[in-house]
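Here is how names work: the chains are called A, B, and so on, in the same order as the sequence lines, proteins then strands, and each is numbered from 1.
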Amino acid sequence: MIRYLIRRLLWAVVLFIAVTAVTYALFFIVPADPARIMAGKSASPAEVERVRKALGLDDPIYIQYAHFLKKLVIEGSLGTSYANRQEVNDIVKSAAPVTASLVFGGMIVWLLIAFPVGVYSALRPRSKTDRAAMVGVLIGISAHPVWIGLLLSYFFGYRWQVTPIQGYCEVFSPPPGQSQCAGFPIWQWAYHLILPWITIAVLYAAFYVRMIRSNTMETLNEDYVRTARAKGVKESTVLRSHVLRNAILPVVTMLGMDLALALGGAIFTEYVFGLPGLGKEAVDSIRRFDYPTTVGITVFATVVVITFNLLVDILYAYIDPRIRLS
Amino acid sequence: MALLEVRDLKTHFTTDDGVVKAVDGVSFSVEKGKTLAIVGESGSGKSVTCLTVMGLNPRRGVEISGEALFNGRDLIKLRGEELRKIRGDEMSMIFQDPMTSLNPVHTIGGQLREAVLVHEKVPKQQANARALEMLKAVGIPRAETRMDDYPHQFSGGMRQRVMIAMALINNPDLLIADEPTTALDVTTQAQIISLMTRLQRDFGSAIILITHDLGVVAETADEVMVMYAGRAVERADYKGLFYEPHHPYTWGLMDSMPTLSGEDTELTPIPGTPPSLLRPPEGCKFNPRCRFVMDICRTEEPELKEVPGSPAHLERCHLDEAVKQAEIERIATERLGAVS
């Protein structure tokens, strides 16, 4: 178990260095000159050079990367935005909770849909419910989140006026004077996130219904399930303790990867619903050629994804003794 | 009265291609503490027969008829919940592949304990003590330290011992063993078989042993039923079957069994393959593969009838008794020479 963890941890470090290096290099290979853009359209060549020197852009790229890493590891700083001299850490700090709320809330929504539907479908294959679920899965997989988001906000937000269309309300220390967030903070936070959660959940709910259905059906045919029945175990216990306990193993692995994917997919949802999350900040910073912000957000997202995968690996080892003990 | 009395049992599966008559009118009985061996090729219906008795067939698309009287109750008529209470308690079952028959995410001790706790309201400690006692009884070395181990830490033979421990933990009247040694290597097979016979003596359980290994039958069985294409083709006590086999299919099984006599006997396999149960042949189901086939065999299925002079010996063949006696002679000298 210890060796398994150490191996995973070392992998995480290697992965981190690889991903940050590639990201960093990628953005500085792009044929655009941030110094010129920062200095402004009417700046003289001398002024552009001064800006370049001030931003450290005259060093070779590997030196810049070394500086970046040093600042990151020693000071824990992601750098400073070119656009407004704001700390990238602060940008991330304010945007990350929004994305986290969106993705984790969405995950809970999609799991709440996928588990009951998937298991029920598996227990009654080819039933009407199962067929309906499979049609739903097809629609869910085919529909793009932007389309779903716009559809939801048109009907629920505009036509029937039951939910807000735009904006985000903070749970802790909501800024005063925001009239749309007046009321109980958690309620306002959830109320503003309902449509985004559903939007992000549709696609994954579809995937997970299908995966949980097929895992459960497969596990139902396992010899050890027959053994449990032969022992006289109650059918509800067979399902819970013998079938689902094994059927969720692959789901846990998928969850780690899909949370990472959902972080990327969150960009669409954040845009549609005007949520000031990481995706929106990243896209905005690319438009402004604000490389430190872009790189900073990418690096942060990388760390989050790596951490998730590590957590999932540990969780997996915990629930699957074959990994824990070998 | 017999412990288990099965009469005219039929298990038919409805598939997209038609009705599969996996078990088609099988009758047999098992006496208290005795061993019945059910012999036959893959697909002859031996496993389905036992799964039907246990109530472990898939529930959809199955039609079951007949009777299975067990301790006075008809298992076929019992509702799911009543049958569940009998399963694992009064009768239990072990399976062919010990590698996949134990749940990989629960400890050995936990799985044994569960078998106790579903049938008896006893404290966990007591269930644990029973589990440990059973592990010792089936010969798991250092059983105390292995209760918290997981199945993947056990070898195939050890896992089958665990399965046997689990099946016998509630002291059942009947143990059904579905090819318990097929997936094991030969030395382990012998150990498992002798373990089962020893435990049968200690616990007094009756055993239904499904196998295609006549060697195992010779070692363990009191009664033998030979199945072919969902039907019994011969039923006899163990002596009757080995020394006076009356059905061409039984002869075929014996001819394909190696002997250690050292004599120059050739192995003769039964030609062809088991028939499709969707479209079984007309007449006797064995006729396309039978060396002795006659015209009548292709049109008329023989009844299961008594062998003249031994009422406990039943067989299903049109052949003349004289022809059979000649063949019995041949097998006795060729195959069983070393035994007698």
Trainee: Check for a donor-acceptor pair, side chain of B/H106 on one end and backbone N or O of A/H242 on the other, with a separation under 3.5 Å.
Mentor: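 It does not hold such a pair.
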
Trainee: Checking A/L249 against chain B: side chain, backbone, both or neither under 4.5 Å from a heavy atom?
Mentor: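 Only the side chain of A/L249 comes within 4.5 Å of chain B.
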
Trainee: Looking only at heavy atoms and a cut-off of under 4.5 Å, which of B/M99, B/R60, B/E81, B/K85 has the most pairs with chain A?
Mentor: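 Of the options given, most contacts go to B/R60.
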
Trainee: For a 4.5 angstrom cut-off between non-hydrogen side-chain atoms, does B/Q153 reach A/P321?
Mentor: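 No, side chains not in contact.
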
Trainee: Which bit of B/L51 comes within less than 4.5 Å of chain A, counting heavy atoms only: side chain, backbone, both or neither?
Mentor: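 B/L51 touches chain A through side-chain heavy atoms alone.
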
Trainee: Grab the two heavy atoms, one from B/R84 and one from A/G232, that are nearest each other, plus how far apart they are.
Mentor: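 Scanning both residues completely, I find the closest heavy atoms to be NH1-O, 2.7 Å.
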
Trainee: Looking at B/D97, B/D149, B/V118, B/T100, which has the largest count of heavy-atom pairs under 4.5 Å with chain A?
Mentor: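 Top count of heavy-atom pairs under 4.5 Å with chain A: B/T100.
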
Trainee: Under 4.5 Å from any heavy atom of chain A, what part of B/L56 do you find: side chain, backbone, both or neither?
Mentor: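 Looking at B/L56, just its side chain touches chain A.
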
Trainee: Does a sphere of radius 6.0 Å around CD in B/E63 hold more than 12 heavy atoms from other residues, nucleotides or ligands, not counting ones at 6.0 Å or beyond?
Mentor: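 For B/E63, atom CD is not crowded (no more than 12 foreign heavy atoms under 6.0 Å).
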
Trainee: Just by distance, do the side chain of A/T227 and the backbone of B/S101 share a donor-acceptor pair under 3.5 Å?
Mentor: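 The answer is yes, because a donor-acceptor pair under 3.5 Å joins these two groups.
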
Trainee: Run the side-chain contact (heavy atoms from CB on, under 4.5 Å) check on A/I319 and B/V105 step by step: do they pass?
Mentor: CA-CA 7 Å; A/I319 57 178; B/V105 301; over 6 Å; no

Trainee: Would you say CZ of B/R130 has more than 12 non-hydrogen atoms from neighbouring residues, nucleotides or ligands within 6.0 angstrom?
Mentor: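 Yes.
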
Trainee: For B/Y150, does the six-membered ring have the charged nitrogen or CZ of A/R322 within the cation-pi criterion, i.e. under 6.0 angstrom from the centroid and within 45° of the normal?
Mentor: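 Because its charged atom misses either the 6.0 Å distance or the 45° angle limit, A/R322 does not stack over B/Y150.
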
Trainee: Would you check if the side chain of B/R87 reaches a backbone N or O of A/R229 as a donor-acceptor pair within less than 3.5 Å?
Mentor: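 Between the backbone of A/R229 and the side chain of B/R87 there is a qualifying donor-acceptor contact (under 3.5 Å).
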
Trainee: Go through the atoms of B/M163 and report whether side chain, backbone, both or neither lie under 4.5 Å from a heavy atom of chain A.
Mentor: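 Just the side chain, heavy atoms under 4.5 Å.
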
Trainee: Counting only N and O atoms by type, is there a donor-acceptor contact under 3.5 Å from the side chain of B/H119 to the main-chain atoms of A/K231?
Mentor: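 It does hold such a pair.
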
Trainee: Does a sphere of radius 6.0 Å around OH in A/Y318 hold more than 12 heavy atoms from other residues, nucleotides or ligands, not counting ones at 6.0 Å or beyond?
Mentor: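 Counting neighbours around OH of A/Y318, 12 or fewer heavy atoms of other residues, nucleotides or ligands fall under 6.0 Å, so no.
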
Trainee: Side chains of B/N103 and A/E222, heavy atoms from C-beta outward: is any pair under 4.5 Å?
Mentor: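 No. Closest side-chain heavy atoms not under 4.5 Å.
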
Trainee: Counting only non-hydrogen atoms closer than 4.5 Å, does A/S241 touch chain B with its backbone (N, CA, C, O), its side chain (CB onward), both, or neither?
Mentor: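 Both backbone and side chain.
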
